[in-house]
Enquirer: 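Take a look at the following structure, please.
Worth saying up front: this structure is predicted, and the values here are computed from it rather than measured.
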Amino acid sequence: MGMTIAEKILAAKSGRKTVAPGDVVTVDVDTVILFDNNFMPNNWRDILKVADPEKIVVTFDHRVPAPTQQAAAAQVTGRAFVKKFGIRRFHDVGHNQGISHQLVADYGYALPGSVLLCSDSHTCSAGVFNCLARGVGGPDIIYAAIKGQTWFRCGETVRYELSGKLSPAVTAKDAFLQIAGVHGAHATMNVEYGGPGLADLSVNARKTMAAMSAELSAEFATFEADDRLAEWMRARNPAPFQPVKPDPDAQYLAVRAVDLSGLEPLVALPDSVVNNSRPVGEAAGTRIDQAYIGSCANGTQDDIELAASVVKGRRVAPGVRFIVTPASQVVYRDVVASGAVQTLLEAGAMIAPPTCGACGGGHMGVLGPEEVCITSSTRNFKGRMGDPSAQVWMASPATVAASALTGTITDPREFLGN
Amino acid sequence: MNFKARVWIVGDNINTDLILPNKAFYLTHEEQAQFVFHANRPGWAQQVRKGDILIGGRNFGMGSSRAAARSLKNLGLACLVAESLNGLFLRNCVNFAFPALECPGVHAAFSEGEEAEVDFEAARVRNVSRGSELAGRPLPGPLMALVRAGGVYQLLEREGLIAPRVA
Ligand code: SF4
C-alpha cells in the first residue's frame, strides 16, 4: 500500500518497510533544537551526555535580549551547555541570532527527508522543507539530545492540493486562514501540502502555512519539494539530500482542493484560530491599539517588505502602536538593505530585535486590559499576548499594516490595489 | 492505576495558555499549578482536592509545548479523561507521567460533581453515580511503559543521563 510523505519518512527513519496510521514508532532524530525556555531554572535538567553535538542547535529567541533576571539566568545555563558539549551551531544574542524556526530556513538546517525536533509548538514550520518536524515537550528534547531518538504516533494524512495564484493583497496567511476557517482542527492528523499552486508561492510564503499548521493541531505539516525548494537548500547547506514524494497510491483521509486565485483577505476573530475566519470587511472599522508584524510565521523578508509597501509615504494612525519584528538577524539585515526598515520607521513603526516578544506575550509589546491588537503572529488565544481581557485579531501582514494606518481593521486592498 | 473520585468538567479545545498562563511562567511548579484555568475559571484551582478527576472535551491541551500537564499533576488531579487529546499535550502527559485517557462519549456521560472510577491501564471509565460504563482508547504499550517508569526525567535519572533534581 502506498504511503504519504510523512509515512515514508517515518518508515525510513524507524527502519521499517511501511508505516501506517495508528503505528507508534521510534525514529532517529537528525536535528534537535534547544532554545532559551528549555534552560529556564524551572524547566532545565542538567544533561550529562549527548548523543551527538553535531545534531544539536541552540538559539535564544523567546526572551531576547534578556528582559528579566530569570531569562538572563536561562541564557547563562544555555551558554554553559553549549560550551560543555562543544556545540557549534549556537545562535547567541548577536550576529546569527533569530527565532529558531527562522534559523532553520536561514541556514538550511532541515534537509528534505530528515527529522527535526524542538520544544516549540510551531516547529512544524520546518515541514516546508519536505521533512518531518514537530513541536514536542521539553522532556522529549532532553531525551532526544541524549539518546538521538524519539517516538511518534502516525496519524492519517489530509492533503491540500493547491492551485492558482494569490492576488496581490492576498497572502499565504489568508490561504491558511481559509483552510483553518473551513476545515478546523486536524488533531491527530498529518497535513500534506502540494499541487501546481506551489510554483507561485515563495518558500517564505509556504513557511507561513507550515508554521501556522500548529494551529490546526496537526501532527506534521509537510510540503512537497520542488526546484525552488532545492535551490533554497543548496544555497544554504552543502549536504546532499533526497526529496520525498508521496506514493501515487498513497492513502489519504481526504484530498482537498484550494484555489489560491479565488481567495480574499481574511481575519480570525479573537480567542481561536480555527473555525473563526471571516472576510476582513466583516471586521472593518474595529478600533485597534496595537498592530504587530513578526513571529516565526510572518517575520520574513517577504512579510516586512509587504508591510513597507502598504505604509510607504503614509503615517501610522495616532494612538496606534505599530511593532515590527524581523524573525532573525539575517532577515533584519536583508530588510535594512532593501530599504523596508527605513520606510517603516518613517511611517512610525517601532522595529524590535528578532525575538518571539509580543507573539508569546513575553515582552516588547505585551497587551494591557481591554486593549485590541491585530497581529500577523501565530496565536490569538485569550491571554496569549497579555491581559486576558485583551482582544487579539489575526490577519496577514498586509492587513495588519493597513490597519495600523487607519487605526481600525482595514482591507489592505485599499492600499495595494487588487 | 485505578482512580475513584468526583469529577470536574471542561469543554472542547482547552488550550495550554489556559492551563499554564504566561503570568505563571517564572513561578515554581507548585505555584504554577494554582494558575490552572485562571482566565476561564478563576478560583477553580483552589477548589480542587487531591485525587479529583478532570473530564475534558475534544482536542484537550491544544496549543504550546509548555509543561501544562505537569501543572495538572501538581494540582493534585489523579487523571484526565477527554474526548480526544492534542498530540503534543499527550506527549507531555507521558513525559510527566500524568495519566491521561482518550474516551469518546465521556463528556456527555458525566455531570460535574458525579463520581467516576477510572481503570487507566484497561482504559475503562465508570460513572459510579449513574452506574454506566465507557471504553476508552488504551495508551500504546511503549507510552504506558514510560508512564509506569514515572516519566522521562525519572527514567533518564535512573540511567545516570541527567543530574538529579536539586530542590
Ligand atoms: S514567534 Fe511565537 S509562535 Fe513562533 S516560536 Fe516564537 S512564541 Fe512560538
Enquirer: Rounded to the nearest 0.5 Å, how far does CD1 of Ile162(B) lie from CZ of Arg45(A)?
Expert: 4.0 Å

Enquirer: Which heavy atom of Asn59(B) sits nearest to which heavy atom of Ser217(A), and what is that distance?
Expert: ND2-OG, 3.0 Å

Enquirer: Under a 4.5 Å heavy-atom cutoff, which of Asp140(A), Ile146(A), Asn43(A), Ile142(A) has the most pairs with chain B?
Expert: Asp140(A)

Enquirer: Can you tell if the side chain of Asn95(B) reaches within under 4.5 Å of the side chain of Tyr143(A), non-hydrogen atoms only?
Expert: no

Enquirer: Report the C-alpha distance between Lys147(A) and Glu159(B) in whole Å, list the side-chain angles of each, state the deciding distance to 0.1 Å, and finish with yes or no for salt bridge (Lys or Arg N to Asp or Glu O under 4.0 Å).
Expert: CA-CA 11 Å; Lys147(A) 303 236 183 194; Glu159(B) 293 182 7; 2.5 Å; yes

Enquirer: What residue, out of Ala69(B), Gly141(B), Gly63(B), Gly160(B), has the most heavy-atom pairs lying under 4.5 Å from chain A?
Expert: Gly63(B)

Enquirer: Testing the basics here: between Val136(A) and Ser65(B), what is the closest heavy-atom pair and its distance to 0.1 Å?
Expert: O-CB, 3.1 Å

Enquirer: Below 4.5 Å from any heavy atom of chain B, which atoms of Arg379(A) appear? Answer side chain, backbone, both or neither.
Expert: side chain

Enquirer: Measure distances from Pro21(B) to the heavy atoms of chain A and classify the residue's part below 4.5 Å as side chain, backbone, both or neither.
Expert: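 Pro21(B) has no heavy atom closer than 4.5 Å to chain A.
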
Enquirer: What part of Arg66(B) is in contact with chain A, defined as an atom under 4.5 angstrom from a non-hydrogen atom: side chain, backbone, both or neither?
Expert: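 For Arg66(B), the contact with chain A is made by the side chain alone.
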
Enquirer: Tell me, yes or no, whether the heavy-atom count around Gln69(A) atom CD, taken from other residues, nucleotides or ligands under 6.0 Å, exceeds 12.
Expert: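 Result for CD/Gln69(A): open.
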
Enquirer: Compare all side-chain heavy atoms of Met62(B) with those of Phe381(A) and state whether any distance is below 4.5 angstrom.
Expert: yes

Enquirer: If I take atom CG from residue Asn13(B) and atom CG from residue Asn275(A), how far apart are they, to the nearest 0.5 angstrom?
Expert: 8.0 Å

Enquirer: What closest approach, in Å, do Asp17(B) and Lys382(A) show between heavy atoms, and which atom pair accounts for it?
Expert: CB-O, 4.5 Å

Enquirer: Measure Pro388(A) against the heavy atoms of chain B and call it side chain, backbone, both or neither at under 4.5 Å.
Expert: side chain

Enquirer: Quick one: what part of Leu88(B) sits under 4.5 Å from any heavy atom of chain A, side chain, backbone, both or neither?
Expert: both

Enquirer: Top residue by heavy-atom pair count (under 4.5 Å) with chain A, among Asn15(B), Val152(B), Asn86(B), Asn40(B)?
Expert: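 Max contact count across the listed options: Asn15(B).
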
Enquirer: Can you find a heavy atom in the side chain of Leu90(B) that is under 4.5 Å from one in the side chain of Arg153(A)?
Expert: yes

Enquirer: So which part of Val24(A) gets closer than 4.5 Å to some heavy atom of chain B, the side chain, the backbone, both or neither?
Expert: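 Contact with chain B involves the side chain of Val24(A) alone.
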
Enquirer: Go through Arg63(A), Arg384(A), Met40(A) and name the one with the most non-hydrogen pairs under 4.5 angstrom from chain B.
Expert: Arg63(A)

Enquirer: Hey, does Trp151(A) have a side-chain heavy atom less than 4.5 Å from the side chain of Pro142(B)?
Expert: no

Enquirer: Nearest 0.5 angstrom please: Asn22(B) CG to His363(A) NE2, how far?
Expert: 11.0 Å

Enquirer: With a 4.5 Å cut-off on heavy-atom pairs, point out which of Ala218(A), Gly135(A), Ala185(A) contacts chain B the most.
Expert: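 Of the candidates given, the most pairs with chain B belong to Gly135(A).
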
Enquirer: With distance as the sole criterion, is a donor-acceptor pair present between the side chains of Thr150(A) and Arg91(B) under 3.5 Å?
Expert: yes

Enquirer: Of all of Thr68(A), Asp120(A), Thr188(A), which one pairs up most often with chain B through heavy atoms under 4.5 Å apart?
Expert: Thr68(A)

Enquirer: Tell me, do Tyr26(B) and Asn42(A) make a side-chain contact under 4.5 Å, heavy atoms counted?
Expert: no

Enquirer: So which part of Ala214(A) gets closer than 4.5 Å to some heavy atom of chain B, the side chain, the backbone, both or neither?
Expert: neither

Enquirer: Of the listed residues (Tyr153(B), Phe96(B), Phe89(B)), which shares the most heavy-atom pairs with chain A below a 4.5 Å separation?
Expert: Tyr153(B)

Enquirer: Output the option from Cys118(A), Ser121(A), Pro41(A) having the highest count of non-hydrogen pairs under 4.5 Å with chain B.
Expert: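 Highest number of heavy-atom pairs under 4.5 Å: Ser121(A).
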
Enquirer: Select one option (side chain, backbone, both, neither) describing which atoms of Ser64(B) are under 4.5 Å from chain A's heavy atoms.
Expert: both

